[in-house]
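A short worksheet on the structure shown next.
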Amino acid sequence: MKYQKIFILATLLTLCVCFFLAGCGKKKEQAAEVLNYRLKWLFNISVAGDLYADDQGIFESHGLSVAVKSGGPERDAIKELEIGRAQFGVASADQVVRAIDKGAPIVVIAQLFQVNPLQWIFRQNNLAIDSPEDLKNKTIGITYGGNDETIMRALLNKQGSLADKVKLFSVRYDYSPFFTGEVDLWPVYRNAEGIVMAEKLHRQGEAAGFFNPDAFGVRFVANSVITTRRMISEHPETVQKFLEALLQGWQEALDPRNAKQTIDMVSRYDKETSRQIIAKQLDSTRNLMLPPAGKSFGWIDVASWTETERIMLDQKLISSPVGIEKNLQQITFDSSQ
Amino acid sequence: MLLQCSELSFQFPQAENPLFSGLNCQLPSPGFHGLFGLSGVGKSTLAKIIAGDLNGFSGKVSRDDLNAVLYSSNLERLPGWSSVVDHIAKVIPSDRRSGMAELVESFGLRDYLDSRFSQLSLGQKNRANLTRYLLQDFDLLVMDESLANVDEATRELIILKIKELFPDKYFLYISHSVQEVSKFCDTILVLRTFEKTPQIIDVAGCNYRQGGKLDKKCLEQTMLEIVNAS
Amino acid sequence: MLHKRIWQFLLIYILGLGFLFGLKYLLGLSDYVIPGPMEIYQTARYNSGRYLVDTANTLSVAFVGHLLAILLASLISIIGRLPNLAGAMIKTAAYNLQAYPIVAVAPIIFILLGDGLTSRLLIAAMICYFPLLLSFIGILTTPVPDIEHFYITTKRMRWQLEVKIRAFENITKLTTVIAGSATLAMVGTIIAEFIGADAGIGYSLRISLYQSDIGKVLVALFFIGIFNSLYLATLEGVGYFIQKKLGISREG
């Protein structure tokens, strides 16, 4: 009897909270004057353009009020978009594919990185890794469950029996297995900690090399800008303006003429990294983000997206094809603006 | 042997008035002595000072050859992890085993020895506690309401047994029963509030013993003196 | 006691799921944000065996870590109860050290000890150690005058006896604290696995979160809850049995 009463009370309470939250969610979306933009990661070089657009008043000049919010391992922009807490966000391609597989009403409106920055650092003094074949008998670090596992497995599978000839090592916070030589290749974001680790090796008199699966045909897309279908259908102008401002921010941030300004700005947000490192990170980021000739900044590489979907399907990370191309919407801008 | 308190003064830290002020008392010879007084007058505190369990007083407590002074009270408990007999057996010298049997028998505890302390009645608990104290090496044993919750007949049996078994020891028996202290005690220290001088008055008791004859007149006289003194 | 704990957990779990489903359907959220009942069922079907083993693994580490913490807390509080400099120092250190969040220290532990069993054990033990220590110190430094007086006055008091008396007199409090800290041990192990280990349900949870697979998270939470309830109920049962054996009656 006692449990029954508790159960009924708790159920009623749950329903009340649900109704309350449901009300809140809708209200927020309708009355959102400030656009919330949830990033994928913490404030560092990888979000330089996002910060630049905010810092230099580019969003404002487009008549927008945007709150740029830092991401992190526990943040998921897609979930925030669905709940209505954010209107725009940055997500990795695998997140996007998984979300679409589960019915999330999201659309990719720009692809930030043209080359995936997730690569493997190695000590060039000891190793020469020029092709996947060179990975034979090497110990390769991967984060189980992470993007890097998917990418490395895709590469190994592509090379036939190579998977049986490498040793995989579970990677965590501690980089010491790499520096002590226990692990030969360590996954890094080429433009962020890749630079820091390369510097460390350089100080020890060693040269760092980077193994890039993209160069060997594993096209796995990285971060992209996303929004909801509803946002596109109900507020197309806002989406247009937002993306225009954002891409302008990125282009200006990466423009070598604005390098000092960008480094100053990133230094303000990322106090742990020295200006010299940030400068190198900026150069690296530029190389990874600039589109191929003839394509505009933010170009969505549909072929890479389809390849990403295929890799995930092969590895059973999704149960059936999702038709990712239907969820990619390249927005074009009037060049006179 | 002589127990003497000279010019004892004591005040609890938060109290407005002293509990004792220039208190003097003595127990000149061994025997079953009493300490009587109204509630709150400081009987237990004085007993603890005499036993050396409480410091922070001024004045002097001379114990002469009274090397082992123990304070027992009705608030004490035996640990609960094993039976009463196990506990008592562990805390007495091996040569006192026979003494233990005699006390246990006299105190009416035989049937409860295998019980745990928590399973005993209040009276049984007090008797068990007193038993272990009586089996220690002591010169003076303070019995602070040690026989509370024990019926009158059993109390009498116990006190007479103590007097019979330990004629050379000092006892200071604290009780609220005027009749009891008058009947069994040798000297009764009547403790009064600090405003009264002297703070302690000695009254001679009837000191009734096993097989002796109680002088009813003495008893009445002693009781009257105690009541008047307190 | 066992069924009570299990029912309590199931009630909370079902209410939690109900709340999530309520949100899902009211806000029209996709399966990516909150998976539907069918997806959770399918996830449970395919992953239950693995998660069962993972949770048992976590529980075994939590159990050993908990045991270590109890032993260490007992030892330190026995020293900490001393009314001298060593005791005072131990107490001060114990109170100050608890201010450090273990989650912040955990990565250092993994760097020093690797991501194997030792780190998981240590973190599990550390997380449940401080509440245990504070309770143990509190219990062991508080005299029980009505029992201790006799032993002090007859000069029979030894530290072992003093500890025994104080522990016995607070056995109900001790068993409650030990049972309560069992949850912390489990939480500590899961956190350790989540942060840096390469086994256990915490590790599986981390992978599920990497893959944004809330269905797996919910299934993992179910097993964690069930195992935790079992562990709690077992400890409470042991505590009850000990108290019954010692003839201590339960109040209230």
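Throughout, a chain's letter reflects where its sequence line sits, starting with A, and its residues are numbered from 1.
Within a 6.0 Å sphere centred on CD of A/E272, other residues, nucleotides and ligands contribute 12 heavy atoms or fewer. Within 6.0 Å of OH on C/Y41 lie no more than 12 heavy atoms contributed by other residues, nucleotides or ligands. Annotation: C/R50, atom CZ; neighbour count of heavy atoms from other residues, nucleotides and ligands within 6.0 Å is above 12. Remark: A/K200 NZ is loosely packed, at most 12 non-hydrogen atoms of other residues, nucleotides or ligands lying under 6.0 Å away. Sparse packing is recorded around CZ of C/F63, with 12 or fewer heavy atoms of other residues, nucleotides or ligands lying under 6.0 Å away.
Using a 4.5 Å heavy-atom cutoff, the side chains of C/R206 and A/T143 are in contact.
Expressed to the nearest 0.5 Å, how far CG of C/L27 lies from CD of A/E82 amounts to 9.5 Å. Annotation: the span from C/L29 atom CG to A/K102 atom NZ amounts to 14.0 Å, rounded to 0.5 Å.
With a 4.5 angstrom heavy-atom cutoff, A/L317 touches chain C only via side-chain atoms.
Comparing C/V33, C/I34, C/I207 by how many heavy-atom pairs each has under 4.5 Å with chain A, the most go to C/V33.
A pairwise comparison of heavy atoms in A/A99 and C/Y32 identifies CA-CD1, 3.3 Å as the closest pair.
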